[in-house]
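Here the structure is laid out as structure tokens; the discussion comes afterwards.
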Amino acid sequence: MRSITILGATGSIGQNTLDVVSRHPGDFSVYALTANSQVGAMAELCLTYKPQFAVMGSKKVAGELESALSGKVSTQVLYGEKALIDVSQSNEVDTVMAAIVGSAGLKPTLAAIDAGKTVLLANKEALVMSGQLFIDHADRSGAKILPVDSEHNAIFQCLPKEAQEQVGSMQLSEHGVDYLLLTGSGGPFRDLPVHELDKQTPKAACNHPNWSMGQKISVDSATMLNKGLEYIEARWLFNCSESELKVVIHPQSVIHSMVQFTDGSVLAQMGQPDMRTPIAHTLGYPERLRSGVGGLDFSTLNELTFKQPDYARYPCLKLAIQACWDGQWATTTLNAANEVAVQAFLEGHILFTDIAKVCDYSLQKTESVVADNLDVLAQLDAQSRRQASKWIKEYGVC
Ligand code: NAD
Ligand code: MG
């Protein structure tokens, strides 16, 4: 029986994780669930899964959850960052699903890493923000990182076992790998005329053609900054050089990413676009678990198509690839500016096309510094948020 903490349990990844866990009642026990503010959803999860601990974002919502659970279940309700860290590090936990969205996930995810847990990593922003530091912490503690993001999970599955055991430090060329191919659907605006992008609403941006996801990652998919963050994520997980990493648009989202080997072979991982597959893969690894996802019906698969990303349509992807090789200061800055910009777009303060402008502005205003400790990363993050907010105040639509 493995004991699991799910950070971000009320989110899209959190709920899919619980769906898979509930299919294997003898294999997992839920130690802790966490959420920011969704009391109703969290109350339901606590009543169903009966975790020892539930962690909320503030005292107020923790109080509301406590009232909702009173007399019904013995779950202890906590709140705040220290509690998130405690339930990620507890000796009673083997596995932590890191599925908080955005930079708020960094500290609890690092806490799980430092405690040597098996970390199922969905929270890509944590790795983008901290890069080498994150990998170094895992090296020191012996934590096992298993990639949940479907592309990285696909690549992981295609790599030989010896490489799978060296996440963060593998030398791809030693495993016969020429390069990795990250696939992306191109998002909901893939076929729109570029001049219509500035008219796109949050609702349209969140209407992903293939995947059902949280709001932030849905907007990131529409700008393709999600692929940019994934490019940076892949750079760290698979220790890639620039020539070992490529992005290709694949609208059908059937192939979830590929590995090109030196002998000309390409291995691809395929399946339905359903996150329960990579989640089940990480929960069961190295064994296979039933996930609830059915097989691929090849009789209805008409075509698999591919094309190169167009940077005029996806300026955020270009910014991310450049930031990746500029250094940690740039990826931390980009991640923070994007979080502010996406929130402002969702709230109607900026246009869809302004997201790239906010990110670019913040990167232009930031000087290159060595960013190899948490204090510098926090300073860069805060400074980038201030710069992004300044742009939005000056040029935003309302
Ligand atoms: P979501 O918005 O659906 O859920 C986010 C979760 O984080 C919620 O439980 C929320 O309560 C919690 N949260 C938000 N802000 C918080 C804060 N300040 N403090 C503590 N908790 C907070 O997001 P999601 O789509 O499930 O994505 C989660 C992570 O997984 C993201 O990093 C995303 O990039 C990554 N991811 C998601 C998918 C997907 O299909 N949804 C695929 C790959 C990777
Ligand atoms: Mg992905």
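As the structure is a prediction and not an experimental result, all values here were calculated from the model. Every number for a ligand or one of its atoms is a count from 1 in the order of the listing.
- Near ligand 1, G8, A9, T10, G11, S12, I13, A35, N36, Q38, A99, I100, V101, A104, A122, N123, K124, E125, D149, M213, G214, I217, M275 each place a heavy atom less than 4.0 angstrom from the ligand.
- Taking a 6.0 Å sphere around CZ of R290, one finds it holds 12 or fewer heavy atoms contributed by other residues, nucleotides or ligands.
- Here the options are I145, L121, L159, the test is side-chain contact (heavy atoms from CB on, under 4.5 Å), and the partner is V167; only I145 passes.
- Nearest N/O/S atom of D149 with respect to the Mg ion (ligand 2) is recorded as OD1.
- K246 forms a cation-pi arrangement with Y179, by the criterion of a distance under 6.0 Å to the ring centre and an angle within 45° of the ring axis.
- Closest approach between the Mg ion (ligand 2) and any N/O/S atom of E151 involves OE1.
- The pair K357-D354 meets the salt-bridge criterion, with a side-chain N (NZ, NE, NH1 or NH2) lying under 4.0 Å from an Asp/Glu carboxylate O.
- When side chains are defined from C-beta on, L346 counts as touching C206, because their heavy atoms get closer than 4.5 Å.
- A 4.5 Å side-chain heavy-atom check between L229 and E233 finds every atom pair outside the cut-off.
- E230 contributes atom OE2 as its closest N/O/S atom to the Mg ion (ligand 2).
- S384 places a side-chain N or O within donor-acceptor distance of the main-chain N or O of T333, the cut-off being under 3.5 Å.
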